[in-house]
Amino acid sequence: MVKDQVAAMLQSVTEREDWQEHGATAEDFSQRLGVRRNTISAYLNDLYKEKVAIKLNSRPVKFWDRATLEQRYGIVLENTEFESQAALENIVSQPKRTAFDEVIGGHGSLYTPIERLKAAAGYPGTGLPVLITGPTGAGKTYLAQVYYQYCVDKGI
């Protein structure tokens, strides 16, 4: 029961715009919940081991909700433990990559068609229908697969 409260509070702290300044510490949560600090610390470490939380090895140790940061920055955090806050901020500040970044010509000759596909996918409501045409072997099926993956990644 308390572990669920800790997880919810961790998510709440991470959802803040200034999340970097307000990492969750065992002491903060202990005071808010009226539970011993070592109990809260155990719950936070359990969430870290379950890969629900990411951990900053500082004094005091800080935690954030992994899924919230991944969703906010459109990234996948392979590492869940960081030695410094700068290392974490460096990873979340890297430019977001999309499925279209793997397409040859995506930043050259196919830039305009890809931007149109992105616009069609993001059109309010259910998006716009798309028809991809071209000669046999031009990569229509591949582009459709990448477009599908882009939509899945964006939650469209």
Side-chain angles (χ1 to χ4, degrees), residues 1-108 110-111 113-124 126-127 130 142-156:
M1 188 70 113
V2 174
K3 185 176 178 180
D4 295 334
Q5 289 177 314
V6 170
M9 288 175 67
L10 183 64
Q11 184 177 3
S12 175
V13 165
T14 310
E15 287 173 346
R16 295 178 59 151
E17 285 299 318
D18 57 347
W19 62 269
Q20 300 95 327
E21 299 169 19
H22 299 282
T25 65
E27 185 65 33
D28 293 340
F29 283 11
S30 172
Q31 291 174 359
R32 289 187 201 170
L33 295 173
V35 178
R36 295 182 56 189
R37 189 201 60 77
N38 61 339
T39 303
I40 298 294
S41 181
Y43 289 141
L44 286 168
N45 280 301
D46 285 347
L47 292 170
Y48 163 73
K49 288 174 188 169
E50 295 166 6
K51 298 193 183 276
V52 172
I54 57 173
K55 180 179 185 177
L56 177 66
N57 281 328
S58 60
R59 295 293 174 241
V61 176
K62 293 182 179 180
F63 295 86
W64 291 280
D65 184 66
R66 178 182 182 178
T68 302
L69 288 179
E70 288 178 337
Q71 183 179 6
R72 175 183 286 169
Y73 294 103
I75 59 174
V76 175
L77 292 168
E78 301 294 333
N79 188 9
T80 56
E81 184 172 0
F82 297 89
E83 294 301 320
S84 70
Q85 191 158 340
L88 173 60
E89 290 177 10
N90 184 40
I91 289 176
V92 299
S93 67
Q94 291 176 355
K96 298 176 192 171
R97 297 189 53 81
T98 68
F100 286 119
D101 290 333
E102 303 300 318
V103 175
I104 295 174
H107 298 288
L110 288 177
Y111 179 78
I114 287 174
E115 289 302 307
R116 289 180 181 162
L117 286 172
K118 290 178 182 178
Y123 193 80
T126 58
V130 173
Y142 173 70
L143 191 58
Q145 290 170 340
V146 172
Y147 181 56
Y148 171 78
Q149 188 60 48
Y150 172 81
C151 292
V152 169
D153 292 344
K154 294 291 184 178
I156 299 172

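These numbers come from the heavy atoms of this one structure, side chains and all, not from hydrogens, waters or symmetry mates.
Partner of F63 under the side chain to side chain contact (heavy atoms under 4.5 Å, CB included) criterion, out of N45, I54, L56: N45 alone.
The closest side-chain heavy-atom distance from D65 to V13 is not below 4.5 Å. The shortest distance between side-chain heavy atoms of Y147 and F100 falls below 4.5 Å.
The CG atom of L88 sits 12.0 Å away from the CD atom of E81 when rounded to the nearest 0.5 Å. Q20 CD to D18 CG: the interatomic distance, rounded to the nearest 0.5 Å, is 7.5 Å.
Side-chain contact annotation: D28 with T25, donor-acceptor N/O pair under 3.5 Å present. For the residue pair Q149/Q145, the side-chain donor-acceptor check at 3.5 Å is not satisfied.
For the pair K3 and E50, the salt-bridge criterion is met [side-chain N within less than 4.0 Å of a carboxylate O].
More than 12 heavy atoms of other residues, nucleotides or ligands sit less than 6.0 Å from atom OH of Y142.
Relative to the ring axis of Y48, K55 places its NZ or CZ within 45° and under 6.0 Å from the centre.
Looking only at distances, no side-chain donor or acceptor of Q11 sits under 3.5 Å from a matching main-chain atom of T68. At distances below 3.5 Å, at least one donor-acceptor pair connects side-chain atoms of R72 with backbone N or O atoms of E15.
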